[in-house]
2 protein chains.
Amino acid sequence: MARAATTTDAFNAVAEPRRREILDALAGGELAVSDLTERLGLAQPQVSKHLRVLREVGLVDVRDDGRRRLYRVNGVPLRAVHAWVAQYERLWNERFDLVADVLDELTQAATAGETETTEGD
Amino acid sequence: MARAATTTDAFNAVAEPRRREILDALAGGELAVSDLTERLGLAQPQVSKHLRVLREVGLVDVRDDGRRRLYRVNGVPLRAVHAWVAQYERLWNERFDLVADVLDELTQAATAGETETTEGD
DNA sequence: CAAACGTATACCCATATGGGAATGTGTCAA
DNA sequence: TTGACACATTCCCATATGGGTATACGTTTG
């Protein structure tokens, strides 16, 4: 069965580092394929293929400009990812609260006995 | 080269639907492998394998309980995903603003002629 | 029209994936 | 100790992936 097709959803499309690079590059504005190949240091066919995946999940839009093709980001499909991940924000915040509490206790204990506390790193 | 190893980062780990299901199930609290196999309707080895991936990227922690193993979520690695996706929040908000503008115009045009506007849905 | 340019596709291939089935390992019960 | 139980690991395999290279397609230029 292998992994679910990467063209299925934004989760998979974005799991590929190169595709994230492409989106990051496009975040600055429209770019042609040649621009992307240059910035990514990747061959043109590979870039086109990644762009195809991104297009199929709706993460980028294309516009014809003569013999060039200008791509632009469409962040909308990322909403699903964002929404899902956001659910776990609470969980890691709890973790950090715990760490903060421990640090707090340590700091108090230290300041209680000494004036010099271990603040460095 | 195939795709980057799924055990590499949270992005890849979470790209797999089953693993997201596992995390969602664990979001309610600690669960044993058997609980997960039951909820996911997936065979035990597969669940264990997914858990391994999740463990390797730090998305879950394990605790021994007799002959069982209790897993719990650790959302921290999702921070990176959250942070990356959040960058694009602006982009889709812009999109929605555009849609909102259009809707606004339509609404105004409609209210100009009629009293009943399409507010439903 | 032909040549050059910018992209998209097709094809080949090494590799990772995820499910299925069998087996290994550690723990509790009799 | 033996057997049942819970889980992890291993092996097998069909398939998807992503890069490399060659090539097809559409557009602009001469």
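Letters A, B, ... are given to chains in the order of the sequence lines, protein chains preceding strands, and every chain is numbered from 1. If you're wondering where the values come from, they're calculated on a predicted model, not measured in any experiment.
Rounded to whole Å, atom P of C:dG6 lies 11 Å from atom CD of A:E38. Summarising the geometry, the separation between CZ on B:F11 and P on C:dA16 is reported as 21 Å, rounded to the nearest angstrom. What separates CZ of B:R63 from P of C:dT27 is a distance of 15 Å, to the nearest Å.
The side chain of A:H50 contributes no N or O atom lying less than 4.0 Å from OP1 or OP2 of D:dT17.
With sequence neighbours left out, A:R67 forms a salt bridge (Lys or Arg N to Asp or Glu O under 4.0 Å) with no residue at all. The salt bridge (Lys or Arg N to Asp or Glu O under 4.0 Å) check on B:R18 picks up nothing, with sequence neighbours excluded. For the side-chain contact (heavy atoms from CB on, under 4.5 Å) test, residues two or more places apart in sequence or in another chain that qualify with B:D65 are B:R68, B:L70. For A:R55, there are no side chain to side chain donor-acceptor pair (under 3.5 Å) partners at least two apart in sequence or on another chain. For B:Q87, the side chain to side chain donor-acceptor pair (under 3.5 Å) criterion is met by no residue, not counting sequence neighbours. With sequence neighbours excluded, no residue forms a side-chain contact (heavy atoms from CB on, under 4.5 Å) with A:A80.
A heavy atom closer than 4.0 Å to some atom of DNA chain C occurs in no member of residues 23-30 of chain B.
Listed by first and then second residue, the side chain to side chain donor-acceptor pair (under 3.5 Å) pairs that reach into residues 26-42 of chain B are B:E30-B:R63, sequence neighbours excluded.
Looking at B:R69, its side chain never comes within 3.5 Å of a backbone N or O of B:D64 through a donor-acceptor pair.
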Report task. Summarise protein proximity over nucleotides 1-10 of chain D in one line of letters, 5' to 3': B for base, S for sugar-phosphate only, - for none, counting protein heavy atoms closer than 4.0 Å. Result -> ---BBSBBBB
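If you find the closest nucleotide of DNA chain D to A:G66 and to A:L42, the one lying nearer the 5' end belongs to A:L42.
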